[in-house]
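Worksheet: one structure, shown below.
Labels below follow one simple rule: chain letters A, B, ... track the order of the sequence lines, proteins then strands, and each chain is numbered from 1. No experiment lies behind these values; they were computed from the predicted model shown.
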Amino acid sequence: MSLQLYNSLTNQMESFDSIEPGKVRLYSCGPTVYDFAHIGNFRSFLFGDLLRRTLELFDYQVHHVMNITDVGHMVEGETDKMSEAANRMKENKKSGRVPEGAIEDPNDPYQIADYYTQAFLEDARKLQYKIAFEYPDNVPKATDYIDGMQKMISRLIDRDHAYVAEDGVVYFSVESFPRYGELSGNTLEKLQSGAGGRVSDENQSRKRHPADFMLWKPDQHHVMKWDSPWGVGYPGWHIECSVMAGQLLGQDGIDIHTGGEDLIFPHHECEIAQSCCANGSDHFARYWIHARFLMVEGEKMSKSKGNFFTARDVFTGVATGSQVHPAVLRYELIKSHYRANMNFTKKGLEDSAGVVQRMLDFESRLERETGGEVAEVDRSHPLLAKFSAALANDLNISEALAEVIPWIRQEHPDPRESLAVWRAVNSVLGITDEENEAADSDPIFEQVQQWGDEMKDARSRKDWDASDAARQKILDAGYEVQLVKDGSVVIKKSLA
RNA sequence: GGCGCUGUGGCCGAGUGGCUUAGGCACAGGUUUGCAAAACCUGGUACGCGGGUUCGAUUCCCGCCGGCGCCUCCA
């Protein structure tokens, strides 16, 4: 069975073949670390994770790399993102969102970048984003690759694909790369007319073509700056991914490159141009796969609408009013097809919580029945065959889940086989894991347990009023109560 | 204006030229239960609008309307 993927480069479905048999080189555009990552970022990242896990299910050995962008790129020529982050950090410290003492000096961009990098990794691990467990090896930081960027820029200049403009800025010459526009469907003429009045005239006049993009900008005053053959300054945004992908995954091209749909142009278009021209190769990535945007309650997520949520806003209950288990957020963010807009809602989260609870219960039941012993299964097992066929169809997760959920409800006469099947399914879904369950401890849990005991005692006396009162206290604390036939009371924390 | 994606029942969300027409949540009825919850069983409601092709279209074609992204900050 071959994996079918929708390639943004050709705008059609294609059978996946890797450059090296059995191995996949996968690159995902990662977060900028000027602030906490939001749920839209994680939708895109978790799509990359789902792709990686699916490839692994199909027995590929996947080398996945994702960058961390920690260079403070310029905004509007005035402020840069690191300075903005420093200001925000000072506010966040005041409001308590960032604990006092978390950062010694908010004016040190490296401290800010490091703080948000660690925060990102923490969130990503809770969400079972596999690559976050491979930091730092497969999660490179842009500022560690300045030297490589400079070498690539030099090579582009040597090959006449880049030039130093009269103001000292190094630009990539899009006219030197006829295929520029291949990914986004743009042409240089259209770009020229589309640019309109957005870009200041002074800047444009120094470029050979309006679409030429910056590779290095000399700027003594920039908050993060490095020495270079073109003066002290900082690199352009696009060059870092070309360099890190090349150094970590090899110069002879990568198999799959992923990112959010907004990165198609200009970012990925520019990566292709730089990489192909610097390496003298025809291909950079053979498959480009882009995830669509996330909406919140039917609207675009934006700070001004107040529907802009970070992952930790969701975990802690800031977003919806109740705490959300990371597995529920993960499920919510992966449950719909990556090429469809997804609508993030409180109701959706509650739905997801129900499914996740069912999965957790199912797994613990099988663990109990088998003592953790599993049978041998492979992908020819009926459920796994259907599950993987669905995923092979451009990661059709909805269809895959539509097979799994009814299967869970079925009778499971051979729990050891079912557990093995479940583990294979879960290796892709990433729902249950020991780490999150262990992290579930709650200071009021002992109190809740005590109410549970009260309820059990009251029930044995048939004192229904006392039983109901105890149950209400448990429910109010955000827990759910289940009665078992033998008279015991099982208490579970609500997942969302 | 250009490029690309998209519109399915109360909600989320697959899929298909006709066949038993996903799955989840919610809702209704039932089993169970002190009452709930959970679990299990049963049930109803679809394919943006207008044309065309066809014996037959939600599915193909054309047009229209709506939503989303990009067109040098953006997952």
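Between A:N341 and B:C68 there is no side-chain N or O to OP1 or OP2 distance below 4.0 Å. Proximity of A:R409 to the phosphate of B:G24: a side-chain N or O atom is located under 4.0 Å from OP1 or OP2. In this structure, A:Y6 reaches the B:C5 phosphate: one of its side-chain N or O atoms is under 4.0 Å from OP1 or OP2. Contact annotation: A:K300 reaches the phosphate of B:G69 (side-chain N/O to OP1 or OP2, under 4.0 Å).
Under the stacking definition used here (centres under 5.5 Å, planes under 30°), the residue A:F293 qualifies as stacked on the base of B:A75.
Residue A:R461 is out of contact with every strand shown, counting any heavy-atom pair closer than 4.0 Å. Nucleic acid contact for A:L483: base, since at least one base atom lies under 4.0 Å from a heavy atom of the residue. Across all strands shown, A:I264 has no heavy atoms under 4.0 Å from either base or sugar-phosphate atoms. Residue A:S467 is classed as a base contact, given a heavy-atom separation below 4.0 Å to a base. The residue A:L475 sits apart from the nucleic acid: no heavy atom pair falls under 4.0 Å. Among the protein residues, A:G354 comes within range of no part of the nucleic acid, since none of its heavy atoms lies under 4.0 Å from any strand. If you check every strand for non-hydrogen atoms under 4.0 Å, A:H337 touches sugar and phosphate atoms only.
Counting only heavy atoms from C-beta on, A:S398 has its side chain closest to B:A14 among B:C68, B:A14, B:G24. For A:W464, the listed nucleotide lying nearest its side chain is B:G34; candidates were B:G4, B:G34, B:C25. Residue A:D262 places its side chain closer to B:A75 than to any other of B:C68, B:C11, B:A75. Out of B:C40, B:C35, B:G69, the shortest distance to the side chain of A:R459 is found at B:C35. Side chain of A:S336, nearest nucleotide from B:C25, B:G15, B:G13: B:G13. Relative to the side chain of A:R292, the nucleotides B:G15, B:C35, B:G67 differ in distance, and B:G67 lies closest. If you check B:C25, B:A75, B:A36 against the side chain of A:R471, the one that comes closest is B:A36.
Whole-Å rounding puts the A:E182 CD to B:G4 P distance at 14 Å. Going from atom CG of A:D351 over to atom C1' of B:C12 covers 7 Å, rounded to whole Å. As rounded to whole Å, 15 Å separates atom C1' of B:G15 from atom NZ of A:K386. As rounded to whole Å, 14 Å separates atom C1' of B:C5 from atom CG of A:L183. Remark: P of B:G69 and CD of A:E299 are 12 Å apart, rounded to the nearest angstrom.
Taking the six-membered ring for Trp and thresholds of 30 and 60 degrees, A:Y234 and A:H222 have nearly parallel ring planes, at less than 30 degrees apart. Using a 30° and 60° split on the angle between ring planes, A:F42 and A:F45 fall in the perpendicular class, above 60°. Ring geometry for A:F265 versus A:Y180: interplanar angle over 60°, hence perpendicular rather than tilted (30 to 60°). Using a 30° and 60° split on the angle between ring planes, A:W288 and A:H268 fall in the tilted class, from 30° to 60°.
Both distances falling under 3.5 Å, in either a Watson-Crick or a G-U wobble arrangement, place B:A28 opposite B:U42. B:G7 and B:C65 make up a base pair, with Watson-Crick or G-U wobble contacts both under 3.5 Å. Searching all strands for a Watson-Crick or G-U wobble partner of B:C70 with both distances below 3.5 Å returns B:G2. Under the Watson-Crick and G-U wobble criteria, each requiring two contacts below 3.5 Å, nucleotide B:A36 is left unpaired.
B:G24 and B:A39 are spaced 12 Å apart, taking the P atom of each and rounding to whole Å. The C1' atoms of B:U42 and B:C19 are separated by 24 Å, rounded to the nearest whole Å. B:U6 and B:G15: their P atoms are spaced 11 Å apart (whole Å). Look at the P atom in both B:C61 and B:C5: the space between them is 13 Å, to the nearest Å. To the nearest whole angstrom, the two P atoms, one in B:G4 and one in B:G43, are 45 Å apart. To the nearest whole angstrom, the two C1' atoms, one in B:A22 and one in B:U53, are 29 Å apart. For the P atoms, the distance from B:G29 to B:U21 is 26 Å, rounded to whole Å. Here the separation of B:G52 from B:U58, taken at their P atoms, is 14 Å to the nearest Å.
Residues A:D394 and A:Y338 bring a donor and an acceptor atom of their side chains to less than 3.5 Å of each other. Side-chain contact, A:D123 with A:Y129: no donor N or O sits under 3.5 Å from an acceptor N or O.
Both cation-pi conditions hold for A:R208 and A:Y163: the charged atom is under 6.0 angstrom from the six-membered ring centre and inside a 45 degree cone around its axis.
Using a 4.0 Å cut-off between a side-chain N of Lys or Arg and a carboxylate O of Asp or Glu, A:R330 and A:D49 qualify as a salt bridge.
Positionally, the nearest nucleotide of RNA chain B for A:K335 lies more toward the 5' end than for the other of A:D361 and A:K335. In terms of position along RNA chain B, the nucleotide closest to A:S184 lies nearer the 5' end than the nucleotide closest to the other residue of the pair A:E350 and A:S184.
Residue side chain A:R339 does not reach the base of B:C5 through any donor-acceptor N/O pair under 3.5 Å, judged by distance alone. For B:G13, the base has no donor-acceptor partner in the side chain of A:N343 [N/O atoms by modelled type, under 3.5 angstrom].
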